[in-house]
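Have a look at the structure below before the remarks.
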Amino acid sequence: DDNTVKFAGTIEQLRAEKGDGRSLFLSNGDNIGASLFASANADDAPTIDVLNALELAASGVGNHEFDKGTADLTGRVTERAAFPYLGANVYRDGQPLLPGYEIVEVNGLRVGVVAAVTEETASLVSPEGIEGLEFREPVAEVNRVVAEIRDQVDVLVAEYHEGAPQGDA
């Protein structure tokens with residue numbers, strides 16, 4: 001697909017210009033579920049495979065990661081992904097569903113990546129697929145995780161997946 005080639009080419013070009021060892025490739029979610037037909041038709045395996053090939057370091061979850069339900073995300077999707085999916089504010093039965101952070105070394109610096117998804121996720125996806133999940137207030141949950149890892153990192157990156165407004169807003 002032409003879009004995939006352009007995307008991958010841009011990532012590789014930026015790495016070449018800035019230095020691969022000085023680059024950190026992250027995603028803020030919606031890697032699946034909001035994809036082009038060719039990927040969606042193959043359960044988004046092609047998109048995940050491209051992100052794996054490009055050595056994505058980590059991804060926050062977006063609301064579309066929950067489109068096919070929690071079991072799909074924590075099973076098929078995370079098993080296929082060579083990168084961690086992060087969601088500091090996603091809870092099931094009072095416990096975090098996903099890791100809240102990933103620490104990655106870049107050019108001798110320890111970078112803490114913390115991610116959260118919109119609290120509106122429950123209203124954006126099928127209720128049956130996310131039964132029992134709680135999407136807590138993102139800023140408070142990111143701050144909680146930052147407090148846990150602050151002494152272990154040199155740099156912090158916070159990713160918030162808020163989505164785009166719908167309608168005539």
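Note that the structure is a prediction, hence the values are computed from the model and not measured.
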**Message:** With a 4.5 Å cut-off on side-chain heavy atoms, are T4 and T47 touching?
**Reply:** no
**Fill in**
Value for CG (L51) from CZ (F25), rounded to nearest 0.5 Å, stands at 5.5 Å
**Message:** Looking at D154 and R110, is there a salt bridge between them, counting it only when a charged N and a carboxylate O are closer than 4.0 Å?
**Reply:** no
**Item:** Transitive ILVMFWY side-chain link V50 to L56, under 4.5 Å
**Value:** yes
**Prompt:** Do you know which two heavy atoms are closest between H64 and D67, and how far apart they sit?
**Reply:** ND1-OD2, 2.6 Å
**Asked** How about F7 and L54: do any of their side-chain heavy atoms sit closer than 4.5 Å?
**Response** yes
**Asked** Yes or no on side-chain hydrogen bond (donor to acceptor under 3.5 Å, both in side chains) for E148 and Y101, after CA distance, side-chain angles and deciding distance?
**Response** CA-CA 10 Å; E148 289 177 15; Y101 70 92; 5.6 Å; no
**Note, V61 side chain near D30 side chain (heavy atom, < 4.5 Å)** = no
**Request:** Enter the distance from L156:CG to R150:CZ here, rounded to the nearest 0.5 Å.
**Result:** 6.5 Å
**Asked** Would a 4.5 Å heavy-atom cut-off, applied to side chains only, mark Q152 and I103 as touching?
**Response** yes
**Asked** Which atom pair, heavy atoms only, marks the closest approach of I149 to G112?
**Response** CD1-CA, 4.2 Å
**Request:** For the residue pair E120 and F135, establish whether any side-chain heavy-atom pair is separated by less than 4.5 Å.
**Result:** no
**Fill in**
Smallest heavy-atom separation, E65 atom then I32 atom, equals OE2-N, 3.6 Å
**Asked** Which residue pairs satisfy the side-chain hydrogen bond (donor to acceptor under 3.5 Å, both in side chains) criterion with at least one member in residues 49-59, sequence neighbours excluded?
**Response** S27-S59, N31-S59, D49-R80
**Asked** Considering residues at least two apart in sequence or located in another chain, which fulfil the side chain to side chain donor-acceptor pair (under 3.5 Å) criterion with E79?
**Response** none
**Prompt:** Side-chain contact, heavy-atom cut-off 4.5 Å: V139 with E137?
**Reply:** yes
**Prompt:** Just wondering, do D43 and R76 contact through their side chains at under 4.5 Å, heavy atoms?
**Reply:** yes
**Message:** Just verifying a value: how many Å separate K18 NZ and S23 OG, rounded to the nearest 0.5 Å?
**Reply:** 9.0 Å
**Complete:** Interatomic distance, CZ@R136 vs CZ@R144, rounded to 0.5 Å, equals 7.5 Å
**Asked** Which heavy atom in E102 sits nearest to a heavy atom in A57, and how many Å separate them?
**Response** CG-O, 4.4 Å
**Prompt:** Closest approach of G33 and D44, non-hydrogen atoms and distance?
**Reply:** N-OD2, 2.8 Å
**Fill in**
To the nearest 0.5 Å, atom CD of Q95 lies from atom CD of E134 at 11.5 Å
**Request:** Sequence neighbours left out, what pairs pass side-chain hydrogen bond (donor to acceptor under 3.5 Å, both in side chains) with at least one residue falling in residues 123-133?
**Result:** S126-E128
**Message:** Please enumerate all residues that pass ring-ring contact (aromatic ring centres under 6.0 Å, His included) together with F83, with sequence neighbours excluded.
**Reply:** Y85
**Item:** Residue list, side chain to side chain donor-acceptor pair (under 3.5 Å) with N28, at least two apart or on another chain
**Value:** none
**Prompt:** Considering all heavy atoms of both residues, which atom of I130 and which atom of T121 are nearest to each other, and what is their separation?
**Reply:** CD1-O, 4.5 Å
**Heavy-atom side-chain contact between V90 and F66 under 4.5 Å** = yes
**Item:** Heavy atoms of other groups near R22 CZ, more than 12 under 6.0 Å
**Value:** no
**Asked** In the hydrophobic clustering that connects Ile, Leu, Val, Met, Phe, Trp and Tyr at side-chain heavy-atom distances below 4.5 Å, which members other than L26 occupy its cluster, ordered by chain and number?
**Response** L24, L86, V104, V106, L109, V111, V113, V155, V157
**Request:** Spell out, as yes or no, whether a donor-acceptor pair under 3.5 Å connects the side chain of T118 to the backbone of H161.
**Result:** no
